[in-house]
Amino acid sequence: MPLVRGVALAAVSGLLLTTAPAPAGAEPSPETDWRLCAEVAAGWDEDDRRTLCTTVTVPLDHADPGGRTLGIAVTRVPAAESNDYPVLFNPGGPGHQGVATPGHILDGEARDLGLRHDLVGFDPRGVGHSDALECEYGFAVPDPSPELSPRERARGVAEEHARINRECHAADPELVESLTVENVARDMDLVREALGAETVGFYGVSWGSLLGAAYRSLFDDRVEAMLLDSVVSPDTSVSTLEAGQAEAGEEVFHRFSEWTASHDAVYGLGTEAAPLRERVLELREELEEDPRTGPDGTVVDHDAVTALLATPEREWPRNASALAALLDGGVPEAGRTAEPADPGLPGLGWEDETDGATFFAQMALLCNDSESPRDFDQVWRHRTERAEQLPAMGTLGFYEHLCVGWPTPGRAPELVRGESPLQLVGHTREMVTPHRWALDMREAVGGRVLSVADDGHGTLSDLPCAGTAVEFFATRTAVTDTCPGTEPPVPGT
């Protein structure tokens, strides 16, 4: 029997999807049972009297609409004035919850979106309050012994992920294999139906940009306007993801070293960036062989140095001070701990609290859509090749090893060009989703690119130029333009 929890509670059950579309600004179907989230969702802010919750029923297999079903948790904040058309949101991940996103938008610089649009969030299948696999993510930290080579330590991590992947997949293969971006896009179209809307807007961030591109490729005539911030590559292979981030990370390291050298009066590391980079890489190799331990027991090793080299610019002052301490033979105030990240909770319905993300769903959504290696030795070869080309960040790797041993081959979504209004947003100095990916996505699906002059990730809605997003959804006219982002860091802070 599939190990999955349902989300259809007595308080929000009985949802019947409408069978015929209504005009874009129509009210949600009267058959949709909307309740205040504060009354039905565990952990919701009791003072929130604006956000409504419901559950939309979708088929697990969209090719078999009469078969097994899943519950998708949906939230809606009604327009303050009149609803021109609803705007759906996805905050990325993959595996991040979206039910709280409308509230975040209303608390940010893009709040005026809520004047003439119902703002709609949802937890994708496998995530948060939506139906998800009950698979205990018992990650056992592999032997960190310095006697093991970096390759063998990496193999241990990959094999532990592979073990979890096999066990979780075996618990409910049908559900795990259904976790693809195209299935989430089809679920989203049933959310559109439940809203009683013929067309919708969509605002996606990071992986949410892939979801938007997939939805537009499948349902272009149902898109009123779409904005995608911090756009991912149209090539969904995690190998491409890994390589692109490593290349961007190398560029960030160069900019960081140049910034640090320009503030020699503060950090005392010299005025030339190239010699500083050489000293840092030599330090990293030294700590690979002989890690240091701080007074509080934190470990400062090769990986700890790497973690300082390519970070958001706001962290540069702290990182430069840490490098100064290390290069002087000491230890910074905080080192690296070896605690694994909290994997998040499975979807348990509105009655159970969640923590915002579901790690296994992230792995499934990445690996199912990725035509990347499932073999550790090939993944390691990729890493070795990158390290030769990118000496600072070539060993950086977050994703490719997650798909080692994944039980099924991946299949990339089919992305095609469309005609509906599409505004792509890229951040010119970003590392997580490099700006060039927005240009690549434009070539694949069309649209125009707004370039934000900073290194932020998915931050347009929090910037002064968020008005560009509000205007886009009002006019449905995309622009090719630039806008200022966050201010550069101040040394010594």
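Nothing here was measured: the structure is a model prediction, and the numbers come from that model. The analysis underlying the following values was restricted to heavy atoms, covering all of them including side chains, and did not include hydrogens, waters or symmetry mates.
- Not counting sequence neighbours, the partners of Arg318 by the salt bridge (Lys or Arg N to Asp or Glu O under 4.0 Å) test are Glu315.
- Counting only distance, with no hydrogens or angles, the side chain of Asn368 and the backbone of Ala364 share a donor-acceptor pair below 3.5 Å.
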- Message: For Ser237 and Asp235: C-alpha separation, side-chain torsions, deciding distance, then whether side chain to side chain donor-acceptor pair (under 3.5 Å) applies.
- Response: CA-CA 6 Å; Ser237 169; Asp235 180 347; 4.7 Å; no

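- Taking a cutoff of 4.0 Å between a charged side-chain nitrogen and a carboxylate oxygen, Asp377 and Arg155 qualify as a salt bridge.
- Residues His401 and Val157 are in side-chain contact: their nearest non-hydrogen atoms beyond the backbone lie under 4.5 Å apart.
- For Asp455 (side chain) and Glu313 (main-chain N/O), a donor-acceptor pair under 3.5 Å exists by modelled atom type.
- Side chains of Ser230 and Glu430: a donor-acceptor N/O pair is present below 3.5 angstrom, by distance only.
- Between the Asp328 side chain and the Gly330 main chain, no donor and acceptor come within less than 3.5 Å of each other.
- A 4.5 Å side-chain heavy-atom check between Leu113 and Phe472 finds every atom pair outside the cut-off.
- Heavy-atom neighbours of His254 NE2 from other residues, nucleotides or ligands within 6.0 Å: above the threshold of 12.
- Listed here is the closest heavy atom pair of Ala110 and Ala466: N-CB, 3.9 Å.
- To the nearest 0.5 Å, atoms OG1 (Thr480) and CZ (Arg442) are separated by 6.5 Å.
- Looking at heavy atoms from C-beta onward, His129 lies in side-chain contact with Val99 at the 4.5 angstrom threshold.
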- Verdict with supporting geometry, Met441 and Ser233, side-chain contact (heavy atoms from CB on, under 4.5 Å): CA-CA 6 Å; Met441 185 66 82; Ser233 171; over 6 Å; no

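- Using a 4.5 Å heavy-atom threshold, the side chains of Pro491 and Trp259 count as touching.
- Between Arg411 and Glu371 no salt bridge is recorded (no basic side-chain N to carboxylate O distance below 4.0 Å).
- Ionic pairing of Arg163 and Glu159 is not present here: no N-O contact between side-chain nitrogen and carboxylate oxygen is shorter than 4.0 angstrom.
- Taking all atoms of both residues into account, the shortest heavy-atom contact from Asn165 to Met363 is OD1-CE, 3.3 Å.
- In terms of heavy-atom proximity, Arg292 sits nearest to Gly329 at NH1-C, 3.4 Å.
- Side-chain atoms of Arg125 and Ser130 include no donor-acceptor pair closer than 3.5 Å.
- Residues Asp454 and Thr486 share a closest heavy-atom pair of OD2-N, 3.2 Å.
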- Item | Verdict with supporting geometry, Leu210 and Leu415, side-chain contact (heavy atoms from CB on, under 4.5 Å) | CA-CA 9 Å; Leu210 178 64; Leu415 303 181; 4.1 Å; yes

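- A donor atom on one side chain and an acceptor atom on the other are found under 3.5 Å apart for Glu177 and His169.
- Counting heavy atoms from C-beta on, the side chains of Leu276 and Thr260 come closer than 4.5 Å.
- Counting heavy atoms from C-beta on, the side chains of Pro124 and Asn90 come closer than 4.5 Å.
- Heavy atoms of other residues, nucleotides or ligands lying less than 6.0 angstrom from CD of Gln378 number more than 12.
- Panel note: side chain Gln423, backbone Ala469; no donor-acceptor pair is recorded below 3.5 Å.
- Looking at Ser321, its side chain does come within 3.5 Å of a backbone N or O of Pro317 through a donor-acceptor pair.
- Nearest heavy-atom pair across Leu308 and Asn319 is O-ND2, 3.2 Å.
- Between Glu400 and Arg386 there is a salt bridge, with a side-chain nitrogen of the basic residue lying less than 4.0 Å from a carboxylate oxygen of the acidic one.
- The ring pair (Phe, Tyr, Trp, His ring centres under 6.0 Å) check on His427 picks up nothing, with sequence neighbours excluded.
- Remark: side-chain polar atoms of Arg476 are not paired, donor with acceptor, to backbone N or O of Ser420 under 3.5 angstrom.
- For the pair Arg111 (side chain) and His104 (backbone), a donor-acceptor distance under 3.5 Å is absent.
- Between the CZ atom in Arg284 and the CG atom in Leu309 there is a gap of 6.5 Å [rounded to 0.5 Å].
- Two rings, from Trp316 and Tyr267, have their centers 6.0 Å or more apart.
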- side-chain contact (heavy atoms from CB on, under 4.5 Å) assessment of Val120 paired with Phe89: CA-CA 6 Å; Val120 181; Phe89 294 86; 5.7 Å; no

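- Between Gly456 and Thr459, the closest heavy-atom pair is CA-OG1, 3.9 Å.
- Of the possible donor and acceptor atoms, none in the side chain of Glu414 sits under 3.5 Å from a partner among the backbone N and O of Leu218.
- Judged as a ring pair (Phe, Tyr, Trp, His ring centres under 6.0 Å), and not counting sequence neighbours, the contacts of Tyr215 are Phe219.
- The CD atom of Glu109 lies 7.5 Å from the CG atom of Asp462; values are rounded to the nearest 0.5 Å.
- Taking a 6.0 Å sphere around CZ of Arg436, one finds it holds more than 12 heavy atoms contributed by other residues, nucleotides or ligands.
- For the side-chain contact (heavy atoms from CB on, under 4.5 Å) test with Arg279, the passing option among Leu326, Leu323, Leu327 is Leu327; the others fail.
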- Query: Would Glu251 and Met431 satisfy side-chain contact (heavy atoms from CB on, under 4.5 Å), going step by step from the backbone distance to the final call?
  - Reply: CA-CA 8 Å; Glu251 294 171 5; Met431 173 180 163; over 6 Å; no

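- From Leu283, atom CG reaches atom CD of Glu288 across 12.0 Å, with rounding to the nearest 0.5 Å.
- Of the possible donor and acceptor atoms, none in the side chain of Ser209 sits under 3.5 Å from a partner among the backbone N and O of Val205.
- For the pair Val404/Arg374, no side-chain contact is recorded, criterion being any heavy-atom separation below 4.5 Å from C-beta on.
- Remark: Gln245 CD to Thr240 OG1 distance equals 11.5 Å, nearest 0.5 Å.
- Note: Asp375 CG to Arg381 CZ = 6.5 Å, rounded to the nearest 0.5 Å.
- With a 4.5 Å cut-off on side-chain heavy atoms, Leu450 and Thr468 count as touching.
- For Arg216 (side chain) and Val445 (main-chain N/O), a donor-acceptor pair under 3.5 Å exists by modelled atom type.
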